[in-house]
Amino acid sequence: MPDGNTAAPASVPVLDVRDLKKHFPVRKGLLRKTTGHVYAVDGVSFSIERGQTLGLVGESGCGKSTVARAVIRLIEPTSGEVRILGRDILSLSKDEMRASRRQAQIIFQDPFSSLNPRMSAGEIVGEPLLVHNIGNSRERAERVAALFDRVGLRASQMNSLPHQFSGGQRQRIGIARALALDPQLIIGDEPVSALDVSIQAQVINLLMDLQEEKNLSYLFIAHDLAVVEHISHRVAVMYLGRIVEHAGKRALFSNPQHPYTEALLAAVPIPNPRIKRQKRLVQGDVPSPINPPPGCHFHTRCPYVTEQCRIEVPPLIEVAPDHWAACHLRQPAAVAVA
Ligand code: SF4
């Protein structure tokens with residue numbers, strides 16, 4: 001079977017996103033006049049290396065799912081740059097984009113609504129092979145059976161319909177389908193949020209085993225920090241369309257630098273009694289992304305707010321080696337002098 005991967009130097013990030021924006025127009029009236037914009041994603045940058053997982057976290061409505069869809073052009077970004085294995089995918093034609101999708105696949109939150117209820121599980125998993133004209137029918141059937149086996153399903157279940165599977169099994173179908181084209185990048189848009197905790201652990205472990213086996217890169221979107229801590233190498237925290245903190249998992253969880261991250265972590269139980277976190281919870285709801293607060297978007301909920309926060313947007317600066325935060329309270333890390 002042909003491999004869908006394009007060889008790229010190991011130094012090239014699998015996914016590189018620069019200043020990504022997605023602003024949805026708000027239309028009103030009979031003439032559907034644009035009266036404003038929803039600033040769903042407002043200048044997001046990050047990259048993911050081969051074999052690594054970036055966890056993207058934040059409350060619901062912060063724009064993380066829009067990022068997931070925009071980086072593979074399920075929705076068209078307003079502006080920015082997205083490179084998959086070094087290739088600028090925003091400049092690709094529809095046909096070129098279709099071919100490029102072999103390298104990046106997505107797994108959705110709700111495995112039931114993302115699977116066609118009239119197709120058998122085998123047809124669902126094999127559909128990408130058919131669409132990309134890979135192999136003959138016998139080869140495709142063999143590949144689908146191997147994928148079923150790899151994700152912990154039985155080949156005898158290939159003819160069953162989605163409703164005949166449990167939630168966890170349906171997510172395994174989604175994972176098998178995502179793997180069908182041998183991608184290098186998998187985007188998980190809250191892939192375990194709809195599952196029971198015990199099933200979540202099984203699916204996460206499957207994803208981690210697959211990562212090790214195939215050197216896959218993951219962009220893992222979630223609101224559950226415990227899940228993100230388990231699966232991620234790096235973590236980016238989003239608030240109202242912007243990344244407010246970005247660091248290696250250990251640094252971010254043990255020494256958060258942004259008040260929003262601090263508040264998110266304060267809500268997570270810590271199994272280690274030696275680690276103490278300041279319990280400072282944020283008040284209120286996330287403001288509307290249609291008219292986000294000026295300056296620091298978080299200033300309406302931040303316990304440390306100052307006048308400067310209401311006016312000036314804090315830039316994302318490196319506050320410690322490879323630890324980035326966007327907060328006026330933080331100073332840039334001292335530059336080492338040789
Ligand atoms: Fe809070 Fe100001 Fe920092 Fe924003 S910039 S997180 S409002 S202290």
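Atoms within a ligand are numbered from 1 in the order they appear, just like the ligands themselves.
Between E190 and K64, at least one side-chain nitrogen of the basic residue sits less than 4.0 Å from a carboxylate oxygen of the acidic one, meeting the salt-bridge criterion. Taking the charged nitrogens against the carboxylate oxygens, R143 and E139 have no contact shorter than 4.0 Å, which rules out a salt bridge.
Excluding waters, the set of protein N, O or S atoms lying under 2.8 Å from atom 4 (Fe) of ligand 1 comprises C296 SG.
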Evaluate the side chain to side chain contact (heavy atoms under 4.5 Å, CB included) criterion for residues E123 and E127: first the C-alpha distance (whole Å), next the side-chain angles of each, then the deciding distance (0.1 Å), finally the verdict.
-> CA-CA 6 Å; E123 286 170 334; E127 192 183 31; over 6 Å; no

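Summarising the geometry, atom CG belonging to L15 is positioned 11.5 Å from atom CD belonging to Q103; distances are rounded to the nearest 0.5 Å.
Note on ring orientation: taking the six-membered ring where Trp is involved, the planes of F298 and H258 are tilted (angle from 30° to 60°).
No hydrogens or angles considered: nothing links the side chains of N159 and S120 as a donor-acceptor pair under 3.5 Å.
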